[in-house]
Amino acid sequence: MPELPEVETMRRGILGAVGGKITLVEKTRCLKKPISITPSIAQIRRRIIGKRITNVDRIGKRVVVCVGGTAEKANDFLILEPRMTGLVLVANPPTDEHMRFRMEIAGSDVDEIGFWDRRGLGNVRLLNQTELNEQLGPSKIGPDAIKISAGEFFERFSASGREIKVALLDQKLIAGVGNLYASEMLHLAKIHPQRKCNEIKKPSYTKLHEKMLDILLDAIKHEGSTLSDGTYRNALNKDGSYQNMHQVYDRADEICFTCKKNKVIRVVQAQRATFFCRRCQR
DNA sequence: CCCCAGTCCTGCGGGC
DNA sequence: TGCCCGCAGGACTGGG
């Protein structure tokens, strides 16, 4: 399940395409149920074939391929949104029915970018600057989790009456945190996931911000978490290794690594599994 | 404002 | 051994 570290790894995996010229754009053939690709492939081709990739960016859990113009001010933005099972691949991408979209690029280290998605919940969008602001601007997507300051983090969360774990998943409040890393950061910060945001004291927010940064940056170093279902992999189709660092995620009924006494508990919040330790997190 | 359930979709593992 | 069902959750939507 790609969250910030996984999507950042995808971004870095195709950074070598910057400076290259797009020579081919295609939906992959033999698809049963195509994913959402907008606008039409014909229109995408008209707008980006022959154009240069000027940057590769990330907005929350989406990879943004900037096309035309300059690195600071591109003409068009190709959004690759993996959702649950999407992968952004560069080398020898599989040619099975889950391959959804691909581009060929000339004159750069990366000569191919593929979008593979087993479940097909992801999407590909080509946006201009106005559409980008409307769909993925600050009113829709909060500050990035690895860029937000401790002060702004506190300001954004402390007034809410929601449970902290649920609020962390709200991409309008903060961008990039998903179900897995939310459990992990609350564990290291020793905060109970069901505690209301407005009950948590400022020093705890400072600690949560610190642990969030630690975990996300460490997970990027490990190229993300590849779970036992094997859904996420990096741009070279290789597993990440941060799954070996998990403290609580998917460890229900196992002994907590921190206190070595209590078992990790699994609860459901907002229809999603949360893992935590009753002794360590209050 | 916030919450909740439903929607999309495939592969898997538990249970019988 | 084989089959069925429920679950996994990111983002969005509609109703309360």
Side-chain angles (χ1 to χ4, degrees), chain A residues 1-11 28 30-38 58-64 79-88 94 96-101 115-125 127 131-132 134-142 144-145 155-186 193-199 216 219 224-233 239 243 246 248-253 266-275:
Chain A
M1 61 189 79
E3 303 181 24
L4 189 152
E6 289 76 25
V7 179
E8 176 63 17
T9 303
M10 294 174 187
R11 184 189 79 82
T28 316
C30 0
L31 275 185
K32 297 170 205 160
K33 287 173 187 169
I35 60 162
S36 165
I37 298 177
T38 54
R58 179 179 58 75
I59 299 179
K61 301 173 194 171
R62 299 158 180 95
V63 174
V64 181
I79 313 296
L80 305 171
E81 182 171 336
R83 299 252 179 129
M84 290 301 293
T85 54
L87 298 178
V88 174
D96 63 17
E97 76 274 19
H98 301 309
M99 198 65 202
R100 311 290 182 156
F101 178 89
F115 187 78
W116 183 96
D117 187 354
R118 194 180 69 193
R119 282 167 66 177
L121 301 178
N123 64 76
V124 174
R125 281 177 276 178
L127 307 177
E131 293 164 335
L132 186 75
E134 284 166 4
Q135 297 181 30
L136 299 173
S139 65
K140 296 282 171 65
I141 310 283
D144 197 76
E155 290 302 320
R156 289 188 152 254
F157 282 81
S158 57
S160 169
R162 302 156 83 182
E163 294 174 345
I164 181 66
K165 157 66 165 37
V166 177
L168 282 168
L169 300 183
D170 185 344
Q171 303 299 298
K172 287 192 188 69
L173 281 177
I174 191 173
V177 176
N179 203 48
L180 191 160
Y181 293 101
S183 281
E184 292 295 316
M185 66 182 67
L186 287 167
Q194 290 169 320
R195 188 153 299 281
K196 300 280 202 299
C197 292
N198 55 14
E199 292 170 357
L216 295 177
S225 299
T226 299
L227 303 181
S228 52
D229 62 10
T231 41
Y232 160 77
R233 290 178 298 275
D239 289 0
Q243 64 279 6
H246 294 175
V248 288
Y249 185 79
D250 210 19
R251 296 196 61 243
D253 300 324
R266 179 190 189 274
V267 296
V268 174
Q269 294 175 271
Q271 298 152 277
R272 278 155 221 198
T274 303
F275 300 88

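In this structure, A/Lys165 atom NZ and C/dG10 atom P are separated by 8 Å, rounded to whole Å. Protein atom CG of A/Leu87 is 16 Å distant from nucleotide atom P of B/dT10, rounded to whole Å. For the pair A/Arg272 CZ and B/dG6 C1', the interatomic distance rounds to 13 Å; values are reported in whole Å. In this structure, CZ of A/Arg125 is placed 11 Å from C1' of C/dC12, rounded to the nearest angstrom. Atom CD1 of A/Ile35 and atom C1' of B/dC9 are 12 Å apart (whole Å). Rounded to whole angstrom, the span from the CZ atom of A/Arg119 across to the P atom of C/dG9 amounts to 10 Å. Rounded to whole Å, atom P of B/dT10 lies 8 Å from atom NE2 of A/His98. For A/Glu81 and C/dC12, the CD to C1' distance is 10 Å, given to the nearest whole Å.
Ion pairing of A/Lys61 with A/Glu3 is absent here, as no side-chain N (NZ or NE/NH1/NH2) approaches a carboxylate O to less than 4.0 Å.
Rounded to whole Å, the separation between the C1' atoms of B/dG11 and C/dC12 comes to 23 Å. Using atom P as the reference point in both B/dC9 and C/dC3, the two lie 25 Å apart (nearest Å). B/dC12 and C/dA11 have their C1' atoms separated by 23 Å, with the value rounded to a whole Å.
Between atom CG of residue A/Asn198 and atom CZ of residue A/Phe157 there is a gap of 13.0 Å, rounded to the nearest 0.5 Å. To the nearest 0.5 Å, atoms CZ (A/Phe115) and CE (A/Met99) are separated by 9.5 Å.
Phosphate proximity of C/dG9 to A/Gln271: absent, as no side-chain N or O sits under 4.0 Å from OP1 or OP2. Regarding contacts with the backbone of C/dG9, a side-chain N or O of A/Tyr249 is found under 4.0 angstrom from either OP1 or OP2.
Distance from the side chain of A/Arg162 is smallest to B/dC3 among B/dC3, B/dC8, B/dA5. Side chain of A/Arg118, nearest nucleotide from B/dG11, B/dG6, C/dG9: B/dG11. Closest to the side chain of A/Leu169, out of C/dA11, C/dG10, B/dA5, is C/dG10. Candidate nucleotides B/dC2, C/dG9, C/dA11 were compared by shortest atom distance to the side chain of A/Ser160, and B/dC2 ranks first. Here C/dC12 is the nucleotide among C/dC12, C/dG9, B/dT10 with the atom lying nearest to any side-chain atom of A/Arg83.
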